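Note that the structure is predicted; figures quoted are calculated from it, not measured.
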Amino acid sequence: MTAKQHAAGWIYLAPATLLIAVMSFYPIIQAIFTSFKTGSSANMKWAEPLTYNYARMFQDKLFLRSVGNTFLYLLVEVPIMLILAMLLAQLLNNKDLKFKGFFRTCVFLPCATSLVSYSLIFKSLFATQGLMNTILVKLGILETNYNFLGNAASAKVIIIIALIWRWTGYNMVFFLAGLQNIEYSVYEAAKIDGANGWQTFWRITVPLLKPTIVMTAIMSINGTLQLFDESVNLTSGGPANSTITMSHYIYNNSFGTGVANFGYASAMAFFVFILVAVLSAINMKVGDKRD
């Protein structure tokens with residue numbers, strides 16, 4: 001009976017295992033081999049030296065700019081987004097709050113919006129003749145319409161605002177789930193002991209939410225390092241490639257510039273993979289305080 005149960009388990013796992021192997025692991029291994037080749041499409045050959053594509057990355061000023069842009073988005077957007085998500089979850093976890101379901105839905109709705117749709121909405125909002133310019137001119141903050149997406153600094157700010165708007169609600173759901181697993185009696189005991197709201201939040205809520213904080217940080221870092229849609233649909237990497245991200249640049253080298261430079265694109269993709277793995281490992285190590 002035990003042998004039959006084990007066999008049945010492997011039979012049920014086999015289709016999913018096969019799909020994952022064929023659709024995920026095989027392409028990853030193939031991409032690693034491709035990263036050591038040069039040429040385009042069917043005319044690829046082994047690079048001389050084999051590390052040519054990897055050495056080229058660190059001499060490519062546009063790639064280095066894309067790395068800098070991506071890390072700028074990461075360092076600014078991720079902390080703000082996670083702090084806002086935690087605070088919103090704390091507010092919406094209040095047992096005395098009315099219409100909690102409505103407010104939670106409103107905060108989460110941006111996450112359900114299509115990536116392309118919300119990028120186009122932000123693009124129209126901040127266009128030279130868009131709603132934001134109209135409001136700012138009417139209020140007297142601006143004298144004339146400002147080209148938000150035509151200026152490098154303001155375009156980066158808009159991408160960061162768009163990311164925070166869309167993904168805060170997504171992370172809030174995880175924090176809300178974590179908060180609901182904390183017994184309310186813990187807060188009542190802290191209140192009896194004289195702890196104020198800030199002390200309760202910092203000394204009880206944050207430590208108990210540490211696993212959730214680590215998980216959301218890893219997911220947010222992973223997603224930001226692979227940022228693509230906003231760069232492509234919102235700013236098209238402009239102006240003058242000042243907002244381009246690593247994934248956008250990889251796409252351009254693979255499909256977007258007319259030359260299928262798969263070897264160089266694979267090397268950059270593998271570099272991103274290593275960054276994601278290293279930063280995730282650091283997050284897990286920092287977040288794991290077990291003795």
key: Val137 vs Asn145, side chain to side chain contact (heavy atoms under 4.5 Å, CB included): CA-CA, chis, key distance, verdict   = CA-CA 7 Å; Val137 170; Asn145 289 354; 3.4 Å; yes
May I ask you to check whether [X] and [Y] show a side-chain donor-acceptor distance below 3.5 Å?
{"X": "Ser66", "Y": "Thr245", "result": "no"}
{"X": "Tyr118", "Y": "Glu230", "result": "yes"}
{"X": "Asn241", "Y": "Tyr249", "result": "no"}

Heavy atoms only: give me the nearest [X]-[Y] pair and the separation to one decimal.
{"X": "Asp60", "Y": "Leu62", "result": "OD1-N, 3.1 Å"}
{"X": "Ser124", "Y": "Ile121", "result": "OG-O, 2.7 Å"}
{"X": "Pro239", "Y": "Ala152", "result": "CG-N, 3.8 Å"}
{"X": "Asn53", "Y": "Ser35", "result": "ND2-O, 2.8 Å"}

Any link between [X] and [Y] through a network of hydrophobic side chains (Ile, Leu, Val, Met, Phe, Trp, Tyr) touching at under 4.5 Å?
{"X": "Val116", "Y": "Ile244", "answer": "no"}
{"X": "Ile28", "Y": "Leu18", "answer": "no"}
{"X": "Leu176", "Y": "Leu208", "answer": "no"}
{"X": "Met23", "Y": "Phe273", "answer": "no"}
{"X": "Tyr26", "Y": "Met44", "answer": "no"}

State whether the side chain of [X] and the backbone N or O of [Y] hold a donor-acceptor pair below 3.5 Å, judged by distance alone.
{"X": "Thr70", "Y": "Met246", "result": "yes"}
{"X": "Asn133", "Y": "Ala127", "result": "yes"}
{"X": "Thr224", "Y": "Ile221", "result": "no"}
{"X": "Asn233", "Y": "Asp229", "result": "yes"}
{"X": "Ser247", "Y": "Gln226", "result": "yes"}
{"X": "Ser24", "Y": "Ala21", "result": "no"}
{"X": "Gln199", "Y": "Asn196", "result": "yes"}
{"X": "Asn283", "Y": "Leu279", "result": "yes"}
{"X": "Ser280", "Y": "Ala277", "result": "no"}
{"X": "Asn69", "Y": "Ser242", "result": "yes"}

query = Could you walk me through whether Tyr170 and Met219 pass the side chain to side chain contact (heavy atoms under 4.5 Å, CB included) check?
reply = CA-CA 11 Å; Tyr170 177 80; Met219 291 193 304; 4.2 Å; yes
ask   = Is it true that atom CZ of Phe108 has more than 12 heavy atoms of other residues, nucleotides or ligands lying nearer than 6.0 Å?
value =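 Correct, the count exceeds 12.
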inquiry  = Check this for me: Gln180, atom CD, are more than 12 non-hydrogen atoms of other residues, nucleotides or ligands nearer than 6.0 Å?
reply    =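 It does: Gln180 CD has more than 12 such atoms within range.
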Would you say [X] and [Y] make side-chain contact, with heavy atoms under 4.5 Å?
{"X": "Ile161", "Y": "Phe122", "answer": "yes"}
{"X": "Leu131", "Y": "Phe126", "answer": "no"}
{"X": "Tyr73", "Y": "Val78", "answer": "no"}
{"X": "Asn171", "Y": "Ser220", "answer": "yes"}
{"X": "Phe270", "Y": "Leu275", "answer": "no"}
{"X": "Lys123", "Y": "Thr235", "answer": "no"}
{"X": "Leu91", "Y": "Leu97", "answer": "no"}
{"X": "Val232", "Y": "Phe228", "answer": "yes"}

So how far is it from [X] [atom1] to [Y] [atom2], rounded to the nearest 0.5 Å?
{"X": "Leu234", "Y": "Leu120", "atom1": "CG", "atom2": "CG", "value": "8.5 Å"}
{"X": "Thr38", "Y": "Arg56", "atom1": "OG1", "atom2": "CZ", "value": "9.5 Å"}
{"X": "Asn151", "Y": "Thr243", "atom1": "CG", "atom2": "OG1", "value": "11.0 Å"}
{"X": "Thr200", "Y": "Gln90", "atom1": "OG1", "atom2": "CD", "value": "9.0 Å"}
{"X": "Asn253", "Y": "Tyr264", "atom1": "CG", "atom2": "OH", "value": "6.5 Å"}
{"X": "Leu125", "Y": "Leu149", "atom1": "CG", "atom2": "CG", "value": "10.0 Å"}

Fellow cluster residues of Ile20, listed by chain then number, with links counted only when side-chain atoms sit under 4.5 Å apart =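 Taking Ile, Leu, Val, Met, Phe, Trp and Tyr as members, Ile20 shares its hydrophobic cluster with Phe25.
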ask   = With clusters built from Ile, Leu, Val, Met, Phe, Trp and Tyr whose side-chain heavy atoms come within less than 4.5 Å, directly or transitively, what are the remaining members of the cluster of Ile11, listed by chain and number?
value =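 Its cluster mates, by chain and number: none.
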ask   = Between Phe175 and Asn93, does a side chain to side chain contact (heavy atoms under 4.5 Å, CB included) hold up when you go through it step by step?
value = CA-CA 10 Å; Phe175 286 118; Asn93 193 49; over 6 Å; no
task = Might you work through the side chain to side chain contact (heavy atoms under 4.5 Å, CB included) test for Leu163 and Met81, ending with a clear yes or no?
result = CA-CA 8 Å; Leu163 288 169; Met81 178 179 63; over 6 Å; no
request  = Scan Trp46, Tyr52, Tyr54 and name whichever one has a ring-ring contact (aromatic ring centres under 6.0 Å, His included) with Phe36.
outcome  =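 The residue from Trp46, Tyr52, Tyr54 that satisfies ring-ring contact (aromatic ring centres under 6.0 Å, His included) with Phe36 turns out to be Tyr54.
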task = Report yes if the distance between the aromatic ring centroids of Phe271 and Phe63 is under 6.0 Å, otherwise no.
result =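 Yes, they do, as the ring centres are separated by less than 6.0 Å.
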